[in-house]
Protein chains: 2
Amino acid sequence: MKLLTKNTDYAVRALVKIAQRAGEPVPASLIAKEERIPYAYLRRLLNDLRDRKVLRSTEGKGGGFVLGRKPEEIFLTDVMEVFQGEVNLTECMFRQKICHNRSTCVLRHKIREIEKKVLGDLEGISIGTLLNETKGQKND
Amino acid sequence: MKLLTKNTDYAVRALVKIAQRAGEPVPASLIAKEERIPYAYLRRLLNDLRDRKVLRSTEGKGGGFVLGRKPEEIFLTDVMEVFQGEVNLTECMFRQKICHNRSTCVLRHKIREIEKKVLGDLEGISIGTLLNETKGQKND
DNA sequence: CAAACTGATACTATATTGGTGTCAGTAAAA
DNA sequence: TTTTACTGACACCAATATAGTATCAGTTTG
Ligand code: FES
Ligand code: FES
């Protein structure tokens, strides 16, 4: 079982890349090359992020993508939601049968607790966090 | 993003069913009918659980499946591992690039923390737990 | 022997995920 | 004003994972 799919991974790496160039438009072609992400695929991911206002884009020569908001305000959960749907661990495991009354189901509540914790913890991770993480690395 | 796949869901429901018949062999056909799980598919799931010693089986007429150990000792995580692979949230998100040194990576550690919590919490849920949950329900 | 089961395994269908290809439009700059 | 470097939109295909089927052999009860 994995928490992050490949497109989330790609997207996050792209976002970090864009963040590093603070403000200057970064073309998809550059990201694709440096991060070794298939160009056409990346294009789609970036467009999705733009639709969700995580990125803004400028067209034409010299154009590219910039962050739609501050790195500290772009959370891992945001990216996950775009590409993997809302993080919703319940709804409803053990359909029918096991629990006759969903509203009073103890198990459901337990799982929901877990879910809350996970979400809370994930929200502690933003592009800002990752940016610091990469500081001081040689930029091959 | 969902935590449990359909086969885990099926399997858990089957395990609860078997647990309810404390010790008496329960045939796959019965479970399939009562839980409305495709028979042939269920068969395979039960065989997997038997291979993993979660169930024991007796062949021939009157045969079926019984639990391989006490309900309180069969955890949700056990079932998840059988059907969804080990719960491993990291390994390694953000391959290459973002983190130059995996061993010191802060992010990795963070995620690993989350993972530990989730696993810990999930381990609080066993077939025993679910059995209590279903007590007092009408057994349609 | 028939009936009611499991063991084993090969196969198919469907959904999700990952990846391509094409064409039109925009902006910079030669 | 044409070329170059970019995005927008969208249809399509490939690979993989998940869900479900089908078949036949073997075991136990009666
Ligand atoms: S887990 Fe679904 S209602 Fe209890
Ligand atoms: S997240 Fe993979 S090494 Fe940091």
Side-chain angles (χ1 to χ4, degrees), chain A residues 1-14 17-18 21 24-66 68 79-86 93 95, chain B residues 1-14 18 21 24-33 35-66 68 79-86 93 95:
Chain A
M1 194 221 141
K2 63 177 190 279
L3 187 63
L4 300 163
T5 52
K6 216 161 180 179
N7 43 17
T8 300
D9 176 297
Y10 284 165
V12 170
R13 279 156 56 195
K17 199 89 202 168
I18 293 166
R21 304 256 170 153
E24 176 194 0
V26 185
S29 55
L30 180 77
I31 301 170
K33 200 174 66 185
E34 298 199 347
E35 296 291 331
R36 294 174 202 86
I37 299 170
Y39 173 70
Y41 192 53
L42 177 64
R43 288 286 313 279
R44 259 189 13 196
L45 301 181
L46 296 179
N47 284 339
D48 288 344
L49 289 170
R50 181 211 53 216
D51 291 345
R52 297 296 204 95
K53 316 285 185 198
V54 176
L55 288 177
R56 277 182 297 113
S57 63
T58 50
E59 290 179 71
K61 188 167 183 176
F65 295 86
V66 294
V79 183
M80 290 175 70
E81 270 175 33
V82 174
F83 299 111
Q84 311 183 33
E86 199 169 353
M93 33 174 332
R95 320 150 208 233
Chain B
M1 192 223 143
K2 63 177 191 273
L3 187 64
L4 301 162
T5 52
K6 216 162 180 178
N7 42 17
T8 299
D9 175 298
Y10 285 166
V12 170
R13 278 157 56 195
I18 292 165
R21 302 255 170 153
E24 177 194 0
V26 185
S29 54
L30 180 77
I31 301 168
K33 200 174 64 185
E35 296 290 332
R36 292 174 203 87
I37 299 170
Y39 173 71
Y41 192 55
L42 177 64
R43 289 285 314 280
R44 262 191 8 199
L45 301 181
L46 295 178
N47 285 338
D48 289 345
L49 289 171
R50 181 211 53 216
D51 292 346
R52 297 295 205 95
K53 315 289 184 196
V54 177
L55 288 176
R56 279 183 295 112
S57 63
T58 49
E59 289 180 69
K61 188 168 183 175
F65 295 85
V66 293
V79 182
M80 289 174 71
E81 271 176 32
V82 173
F83 299 112
Q84 308 184 37
E86 200 170 351
M93 32 173 332
R95 318 146 211 237

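Below, chain A is the first sequence line, B the second, and so on; all start at residue 1. As the structure is a prediction and not an experimental result, all values here were calculated from the model.
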Determine whether a donor-acceptor pair (N or O, by modelled atom type, separation under 3.5 Å) exists between the side chain of B:Ser57 and the backbone of B:Gly64. no
Under a 3.5 Å cutoff, is there a donor and acceptor pairing between the side chains of B:Arg50 and B:Asn47? yes
Over all strands shown, is A:Phe83 touching base, sugar-phosphate only, or nothing at heavy-atom distances under 4.0 angstrom?
nothing
A:Lys6 atom NZ is separated from D:dA14 atom P, nearest whole Å, by 17 Å
Taking D:dG20, C:dT20, D:dA19 as options, the one with an atom nearest any side-chain atom of B:Pro38 is D:dG20
note: A:Tyr41, atom OH; C:dT16, atom P; distance rounded to Å ~ 14 Å
One should read off an interatomic distance between A:Lys6 NZ and A:Phe83 CZ, to the nearest 0.5 angstrom, of 14.5 Å
Q. OP1 or OP2 of C:dT26 sitting under 4.0 Å from any side-chain N/O of A:Thr58?
A. no
**Q.** B:Ser29 side-chain N/O to C:dA4 phosphate OP1/OP2 under 4.0 Å
**A.** no
Here the distance between atom C1' of D:dC6 and atom NZ of A:Lys33, to the nearest Å, is 14 Å
- [ ] Compare all side-chain heavy atoms of A:Asn7 with those of A:Leu45 and state whether any distance is below 4.5 angstrom.
- [x] yes
Rounded to whole Å, CG of A:Leu55 lies from P of D:dT7 at a distance of 11 Å
Which of C:dG19, D:dT7, C:dC5 is nearest the side chain of B:Pro27? It is C:dC5
Here the distance between atom C1' of D:dA17 and atom CD of A:Gln84, to the nearest Å, is 15 Å
Taken in chain and number order and not counting sequence neighbours, the residues that satisfy ring-ring contact (aromatic ring centres under 6.0 Å, His included) with B:Tyr41 are B:Tyr10
Note: contacts of residues 43-51 of chain B with DNA chain D (heavy atom, under 4.0 Å) are B:Arg44
- Message: Test side-chain contact (heavy atoms from CB on, under 4.5 Å) on A:Val54 and A:Val79; report intermediate values, then the result.
- Response: CA-CA 9 Å; A:Val54 176; A:Val79 183; 5.6 Å; no
Between CZ of A:Arg36 and C1' of C:dG19 the distance, given in whole Å, is 18 Å
Q. Looking at B:Tyr39, does any N or O in its side chain come under 4.0 Å of the phosphate oxygens OP1/OP2 on D:dA22?
A. no
Taking only nitrogen or oxygen atoms into account, show me every contact under 3.5 Å that the protein makes with nucleotides 26-30 of chain D, one pair per line with its distance.
from: D:dT27; atom 1: O4'; to: B:Glu59; atom 2: OE1; distance (Å): 3.1
from: D:dT27; atom 1: O2; to: B:Gly60; atom 2: N; distance (Å): 3.4
from: D:dT28; atom 1: O2; to: B:Lys61; atom 2: N; distance (Å): 3.0

The reported gap from CZ in A:Arg13 to CG in A:Leu42 (rounded to nearest 0.5 angstrom) is 10.0 Å
The reported gap from CD1 in A:Ile18 to CZ in A:Phe65 (rounded to nearest 0.5 angstrom) is 7.0 Å
Worksheet item: So do A:Arg21 and A:Leu30 actually touch side chain to side chain, heavy atoms under 4.5 Å?
Response: yes
Rounded to whole Å, CG of B:Leu30 lies from C1' of C:dT6 at a distance of 15 Å
When rounded to whole Å, the CG to C1' distance for the pair B:Asn7 and C:dA15 reads 14 Å
